[in-house]
Engineer: 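Quick one: the structure is below, questions incoming.
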Number of protein chains: 2
Amino acid sequence: MQSCRFAFAVHVMAVLASGKSDCCPSSRLAQTVNTNPVVIRRLLIELQDAGLISTFRGPHGGAVLKRKPEKVTLREIHSAVDQGNVFGTHPNEPSQECPVGKRIGKVMLRIQNRANRALERELEKMTLADVLRELRKG
Amino acid sequence: MQSCRFAFAVHVMAVLASGKSDCCPSSRLAQTVNTNPVVIRRLLIELQDAGLISTFRGPHGGAVLKRKPEKVTLREIHSAVDQGNVFGTHPNEPSQECPVGKRIGKVMLRIQNRANRALERELEKMTLADVLRELRKG
DNA sequence: TTAAAAAGTAACAAAGTCTGTTACAAATCA
DNA sequence: TGATTTGTAACAGACTTTGTTACTTTTTAA
């Protein structure tokens, strides 16, 4: 299966950005995403490490955005929660006796890098503010 | 983990393209990729369905390219063996009571489509002939 | 006609990943 | 001091992926 962490993260960030409340606890985020609070907290840690949010403990604690939605790109959210490879590589080393097998690894790495960067470029074009606009449009 | 099918498929196509032999059996392909012949045969079926190769049974059977390497893009190879979503969506339906949860699905679909298309555009720029050139360069 | 070689296919095992869950420790506030 | 919330560890269940075995079907050639 594919990971849904990016979808969860965009959802969480959108809720925080449309925030009527200052601090949103993981329990509330979990309700709207429809998952377990621990799943959300694990996400929040990654978003926090990426500098996108802050979290606070204790009563009235929770998560808040550190930046305005216009200043948060989807690339930042993506790279915060998803390790960045679009597709996988050979799990076992190919035959070093075959001229293709001997060098395919390096070539695949270049292809991977180009694919990763293309994805990042596209995600860089979209901000959390764009997501909010789309949400309002319906 | 991520699927390595695309890497395997590019490897296989490169071997077929650099083909000293007309027909390459799955057993030989499996050797250079370093995996099991059945894994290769499953790939070959998908490449065949995509119109990129032909396979033949019986002695001296195996796989052959149907087109010249210059006419095969990496996008074609990719879409032949990888279902085309860069990242996953919510496994459980989000809360329909939350204004974000209610509409995030559609918005994520648009984001997904843009990401998928960006990846395809990049892979479309590279052909199997480019891969062969890179392999020779080292 | 028969034997050998190859793809096609089904069934299953093993490993890994991912989400979800429970439980508890640490921190914070009233 | 007690309530609330994050942080964190441990584990279960489901799913995906690769690899493996075994068998059928097709094809070639002796």
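First the proteins, then the strands, lettered A, B, ... as listed; each starts at 1. Only heavy atoms go into these numbers, but all of them, side chains included; no hydrogens, no water, no symmetry mates. Everything quoted here is computed from the prediction, not taken from an experiment.
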Engineer: Please state how far atom CD1 in B/Ile53 lies from atom P in C/dA7, giving the value in whole angstrom units.
Structural biologist: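 After rounding, the gap between these two atoms is 10 Å.
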
Engineer: List in chain and number order the residues that pass salt bridge (charged side-chain N to carboxylate O under 4.0 Å, His left out) with B/Arg57, two or more places apart in sequence or in another chain; answer none if no residue qualifies.
Structural biologist: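 Partners of B/Arg57 under the salt bridge (charged side-chain N to carboxylate O under 4.0 Å, His left out) test: none.
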
Engineer: In whole Å, what is the span from the CD atom of A/Gln2 to the C1' atom of D/dT16?
Structural biologist: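 Whole-Å distance recorded here is 11 Å.
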
Engineer: Could you go through nucleotides 10-14 of chain C and list every protein N or O atom that sits under 3.5 Å from one of its N or O atoms, giving the distance for each pair?
Structural biologist:
residue	atom	partner	partner atom	Å
C/dA11	N6	B/Arg42	NH1	3.4

Engineer: If you check every side-chain atom of B/Thr55, which of C/dG8, C/dA6, C/dG20 has the closest atom?
Structural biologist: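 Of the options given, the side chain of B/Thr55 lies nearest C/dG8.
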
Engineer: Does a side-chain N or O from A/Thr35 land closer than 4.0 Å to OP1 or OP2 of C/dT19, or not?
Structural biologist: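 No, because none of the side-chain N or O atoms of A/Thr35 sits under 4.0 Å from OP1 or OP2 of C/dT19.
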
Engineer: According to salt bridge (charged side-chain N to carboxylate O under 4.0 Å, His left out), who are the partners of A/Glu46, at least two apart in sequence or on a separate chain?
Structural biologist: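 Scan of A/Glu46 (salt bridge (charged side-chain N to carboxylate O under 4.0 Å, His left out), adjacent residues dropped) gives none.
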
Engineer: Side-chain N or O of A/Ser3 less than 4.0 angstrom from OP1 or OP2 on C/dT19?
Structural biologist: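 Yes.
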
Engineer: Which atoms form the tightest heavy-atom contact between B/Ala14 and B/Leu132, and what is the distance?
Structural biologist: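 The pair with the smallest heavy-atom distance is O-CD2, 3.8 Å.
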
Engineer: Would you list the protein and nucleotides 28-30 of chain C atom pairs, both N or O, that sit under 3.5 Å from each other?
Structural biologist:
none

Engineer: CD of A/Glu46 versus C1' of C/dC18: gap in Å, rounded?
Structural biologist: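 Rounded to whole Å, this separation is 12 Å.
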
Engineer: Over how many whole Å does the gap from B/Ile40 atom CD1 to D/dT17 atom P extend?
Structural biologist: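 Result: 17 Å.
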
Engineer: Which atom names give the shortest non-hydrogen contact between B/Val131 and B/Val10, and what distance separates them?
Structural biologist: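 Taking B/Val131 first and B/Val10 second, the nearest heavy atoms are CG1-CG1, 4.2 Å.
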
Engineer: Give a yes or no on whether a salt bridge exists between A/Glu124 and A/Arg117, defined as a side-chain N under 4.0 angstrom from a carboxylate O.
Structural biologist: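 Not counted as a salt bridge, because no side-chain N and carboxylate O are separated by less than 4.0 Å.
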
Engineer: How do B/Ser26 and B/Asn92 order along DNA chain C: which one's closest nucleotide is nearer the 5' end?
Structural biologist: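 Nearer the 5' end of the strand: B/Ser26.
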
Engineer: Give the rounded distance in Å between these two atoms: CG of A/Asn36 and C1' of D/dA10.
Structural biologist: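 In whole Å, D/dA10 C1' lies 14 Å from A/Asn36 CG.
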
Engineer: When you get a sec, tell me which of C/dA7, D/dG19, C/dT19 is the closest nucleotide to the side chain of A/Pro91?
Structural biologist: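 Taking heavy atoms from C-beta onward, the closest nucleotide is D/dG19.
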
Engineer: Does the distance from a Lys or Arg side-chain N to an Asp or Glu carboxylate O, for B/Arg75 and B/Glu120, drop under 4.0 Å?
Structural biologist: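 Salt bridge between B/Arg75 and B/Glu120, a charged N being under 4.0 Å from a carboxylate O: no.
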
Engineer: How do A/Asn34 and B/Arg41 order along DNA chain C: which one's closest nucleotide is nearer the 5' end?
Structural biologist: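 Its nucleotide being nearer the 5' end, the pick is B/Arg41.
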
Engineer: Take atom CG of A/Asp22 and atom C1' of D/dT4, then tell me their distance rounded to the nearest Å.
Structural biologist: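 Spelled out: CG on A/Asp22 to C1' on D/dT4 is 17 Å.
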
Engineer: B/His78 vs B/Phe6 aromatic rings, parallel, tilted or perpendicular, using cut-offs 30° and 60°?
Structural biologist: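 Ring orientation of B/His78 relative to B/Phe6: perpendicular.
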
Engineer: Any side-chain donor paired with an acceptor under 3.5 Å for A/Gln31 and B/Ser95?
Structural biologist: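 Note: A/Gln31 and B/Ser95 side chains miss the donor-acceptor criterion.
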
Engineer: Would you call A/Leu128 and A/Leu65 a side-chain contact if the rule is heavy atoms closer than 4.5 Å?
Structural biologist: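 Of all side-chain heavy-atom pairs linking A/Leu65 with A/Leu128, at least one is under 4.5 Å.
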
Engineer: Where the side chain of B/Val39 is defined as all heavy atoms beyond and including C-beta, which of D/dT5, D/dT20, C/dG20 is the nearest nucleotide?
Structural biologist: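 Nearest nucleotide to the side chain: D/dT20.
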
Engineer: Quick one: label A/Ile45 by what it contacts on the DNA or RNA (base, sugar-phosphate, nothing), any heavy atom closer than 4.0 Å.
Structural biologist: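 Sugar-phosphate contact only - A/Ile45 comes under 4.0 Å of backbone atoms but never of a base.
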
Engineer: Hey, does B/Thr35 have a side-chain heavy atom less than 4.5 Å from the side chain of A/His90?
Structural biologist: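 No, their side chains stay 4.5 Å or more apart.
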
Engineer: What residues, two or more places apart in sequence or in another chain, satisfy ring-ring contact (aromatic ring centres under 6.0 Å, His included) together with B/Phe56?
Structural biologist: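 B/Phe56 satisfies ring-ring contact (aromatic ring centres under 6.0 Å, His included) with no residue once adjacent residues are dropped.
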
Engineer: Are any non-hydrogen side-chain atoms of B/Cys23 and B/His60 less than 4.5 angstrom apart?
Structural biologist: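 No - every pair of side-chain heavy atoms lies 4.5 Å or more apart.
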
Engineer: Between P on D/dT16 and CG on B/Asp82, what's the gap in Å once rounded to a whole number?
Structural biologist: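 Answer to the nearest Å: 14 Å.
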
Engineer: From C/dT21, D/dT18, C/dC18, pick the nucleotide closest to the side chain of A/Arg5?
Structural biologist: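 Of the options given, the side chain of A/Arg5 lies nearest C/dC18.
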
Engineer: If you check the A/Gln48 side chain, which of C/dT19, D/dT18, D/dG7 turns out closest?
Structural biologist: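 The closest nucleotide is D/dG7.
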
Engineer: What's the angle between the local helix axes at either end of the helix from C/dT1-D/dA30 to C/dA30-D/dT1, using five pairs per end and rounding to 10 degrees?
Structural biologist: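 Between the axes fitted at each end of the helix from C/dT1-D/dA30 to C/dA30-D/dT1 lies an angle of 10°.
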
